[in-house]
Amino acid sequence: MESNFQIIKSRPEIDASNLKEDMLLEQIPWADILEERINQNSGSLNMCHEALDIHIGTDVENKTAIRFVGKLWPNNSNDIKDISYSELLSQTKAVSCALFELGLSKGDALFSLSPRLPESYIIALASLRAGIVYSPLFSVFGPEPIQARMNKGNANALFTLASIYHKKIAPIRDSLKSLTCLIILDDDGSAQNIPDHIDFMYLLKRTFENSSEIMTCPDDLALLHFTSGTTGTPKGAMHVHAAVIYHQISGKWALDFKSDDIFWCTADPGWVTGTSYGIISPLCNGVTLIIDEAEFNARRWYDILQFFRVSNWYSAPTALRMLMRAGEDLPHEFDLSSVRIASSVGEPLNPEVIWWAQKNLGIHLHDNWWQTETGGIMISNFSSMNIRPGSMGKPLPGIDVKLVNSIDGSLEFINAPNTQGQIAIKKGWPSMFRGYLGENERYLKCFSGEWYLSGDLAKKDKDGYFWFVGRADDVIKSSGHLIGPFEVESVLMEHPSVLEAAVIGIPDSMVGEIVKGYIVLKKDFQASEDLRLEILAHARKNLGVSVAPKLISFIDNLPKTRSGKIMRRLLKARELGLPEGDLSMLETN
């Protein structure tokens, strides 16, 4: 059969709405696509070039690349800043050349500690353009996790704000042994008190005779992302410039990017989603990015969707549940009809959230699954598919996903429908991580032959839809049953009083483990013994006695990572009085 994907060798125009069932199963010649793109670029491949330079001389050149919404909006209607693709390229070139003038070289590491500001996007693109490894950090990190990551990553340069420097960098600066270049954005007028720094705006205003990017090869290191660490110490996942091929294509397929999209990715730039699909993929596809400086506020979010006519929205289950917490009346004050497609990532998307959004927002939510290690979306609910609430969807074209059991170092492939196994992905996709920084043995343990073992458990139904079960570490073993937390949590959330839920296994001498649930109630409900019994009865009715929780505790907030993942290991440690381990990614830190 003639390939439906030949066009992807030259800026594909296939979008998710055109993906048919037979196309999902087609093999994609990733190596050929990569080779052709390299040949088009005279032997080089660079993420920034694919995001910006490729648009010069096209209709995209003068369109808005970034629409920045400042904290003062909407009270101050002027607190909006538009940057076109050509302007963004010009500014990126200036900063990229300035990085070399400061003594940085290809392969050095630049860390960014900044909230959502245009300057943080410029520094990311400039680093990539120069062949400097870019590593984003959450701006809410405290000094200790910053110090640990920068020293582990041999940080040569740091970009941050003056206000952040005084609180978080000054106390640890002497311990950052590899740091030679400190770039400061003076957000509060205090930069004059920072020794040995370079003013970012000075770099931005410089002009250089030679503004061409350095030649980077597909396997040159581009990105260093530290994982969320839901089950242990964060790891530094390394990604190369070749990943941009998959960032661009998967954005079209999984997020259905179209040329006229106004795209809002709510992810923090310190999270892998905020880079892969908050910067690189949308710019590669020539869409307009919304960047909101402010922290979450339900009314503001609805206002942004309405006022800026957002057509493509990418968020996380935690944020969507926070919208649920704000109530059903608020969204009906706004016109959200511009939203053509909305997607979710970070934690599995509970069916209850999908039904709520459909009822109250008039929006169909499309869940997808991937990891820091995969570098891009692997499994997705495409816009051409019927959504099965609670399902992860189906693998993207060219992504070979199997469910496996690992037995004595060899893999047993699971073919029977609705049978639990670990998600394994065959090597070969361009955005696969190339190692854990300084931990090669840990990296090698992630693979069995040609297969990457994700550590996530799922089932696949007879129609090919995947259903998340839980992390292998989180699965509860009770009376011979293997119980996935997600299934139990989703049923608990179907109770009208429950906003969020998490379950863990508690050791028990008779059955191995019993299921305990932690419940966050909606704002109109109060914890009581009667309500606890009612929720337990609801769970038993829908799950059966062997799977339903035996215990329930009401809790004000669930511990989560900053990317929205529930930290079940922390709930278990606190329940059992065990060491809590690394908490640097805890959202309340």
Side-chain angles (χ1 to χ4, degrees), residues 16-17 67 69 73-74 254-258 260-268 273 277-278 282 287-292 294-369 377 380-393 489-490 493-501 520-525 560 564:
S17 59
R67 177 157 294 153
V69 185
W73 185 89
L255 301 183
D256 200 20
F257 282 141
K258 298 185 185 301
D260 59 351
D261 266 341
I262 305 297
F263 175 65
W264 185 23
C265 175
T266 65
D268 189 284
T273 298
Y277 296 102
V287 306
T288 295
L289 294 177
I290 296 290
I291 301 174
D292 179 25
E295 295 304 314
F296 175 86
N297 175 277
R299 177 173 291 278
R300 180 183 176 91
W301 273 37
Y302 290 134
D303 215 353
I304 287 175
L305 291 170
Q306 173 182 268
F307 184 83
F308 296 102
R309 305 295 295 166
V310 172
S311 58
N312 198 323
W313 183 29
Y314 198 25
S315 196
T318 296
L320 295 166
R321 289 192 289 264
M322 289 168 71
L323 291 178
M324 289 177 63
R325 176 178 282 182
E328 297 186 357
D329 295 334
L330 181 60
H332 294 288
E333 299 179 24
F334 298 86
D335 176 7
L336 307 180
S337 61
S338 65
V339 180
R340 177 177 54 80
I341 183 169
S343 308
S344 172
V345 71
E347 268 279 293
L349 190 62
N350 307 91
E352 185 67 20
V353 183
I354 296 175
W355 296 324
W356 181 89
Q358 184 173 331
K359 173 187 173 184
N360 296 289
L361 309 184
I363 291 173
H364 300 281
L365 294 173
H366 298 254
D367 198 13
N368 55 65
W369 176 91
I377 299 167
S380 177
N381 285 272
F382 305 99
S383 61
S384 59
M385 292 167 49
N386 291 326
I387 297 174
R388 296 187 178 182
S391 169
M392 302 153 65
E489 291 161 1
S490 293
M493 284 187 61
E494 291 174 3
H495 191 277
S497 69
V498 178
L499 178 69
E500 290 187 299
V520 179
L521 294 172
K522 294 178 180 177
K523 64 179 182 179
D524 295 331
F525 291 84
K560 302 187 190 78

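Computed over heavy atoms, backbone and side chain alike; hydrogens, waters and symmetry mates excluded.
At a threshold of 4.5 Å between non-hydrogen side-chain atoms, the residues S343 and Y277 do not count as touching. Taking the side chain as every heavy atom from C-beta outward, I387 and Q358 never approach each other to under 4.5 Å. Using a 4.5 Å heavy-atom cutoff, the side chains of W313 and T266 are in contact. With a 4.5 Å cut-off on side-chain heavy atoms, V498 and F525 do not count as touching. Contact annotation: the side chain of M385 never approaches that of H366 to less than 4.5 Å [non-hydrogen atoms, C-beta and beyond]. Between S344 and L320, the closest side-chain pair of non-hydrogen atoms falls below 4.5 Å. With a 4.5 Å cut-off on side-chain heavy atoms, R340 and D256 count as touching.
For the side chain to side chain contact (heavy atoms under 4.5 Å, CB included) with L305, the lone residue among I290, L336, I262 that qualifies is L336.
In terms of the side-chain hydrogen bond (donor to acceptor under 3.5 Å, both in side chains) criterion, residue partners of W369 (sequence neighbours excluded) are, by chain and number, D456. Residues forming a side-chain hydrogen bond (donor to acceptor under 3.5 Å, both in side chains) with R67 (at least two apart in sequence, or on another chain): D82. Shown here are the side-chain hydrogen bond (donor to acceptor under 3.5 Å, both in side chains) partners of Y314, two or more places apart in sequence or in another chain: N368, W370. Listed by chain and number, the residues in a side-chain hydrogen bond (donor to acceptor under 3.5 Å, both in side chains) with E500 are R321, K560 (sequence neighbours excluded). Scored by the side-chain contact (heavy atoms from CB on, under 4.5 Å) test, D335 finds Q306, R309, S337 as partners (sequence neighbours excluded). Residues meeting the side-chain contact (heavy atoms from CB on, under 4.5 Å) test with P74, sequence neighbours left out: R300, D303.
Of all non-hydrogen atoms in A357 and L365, the two that sit nearest each other are CB-CD1, 3.5 Å. Considering all non-hydrogen atoms of both residues, N381 and S391 come closest at ND2-O, 3.0 Å. Closest of all the heavy-atom pairs between A319 and F296 is O-CE1, 4.0 Å. What you find for M324 and W356 is that their closest heavy atoms are CG-CD2, 3.4 Å.
E333 CD: more than 12 foreign heavy atoms inside a 6.0 Å radius.
For F308 and W264, the ring centers are positioned 6.0 Å apart or more.
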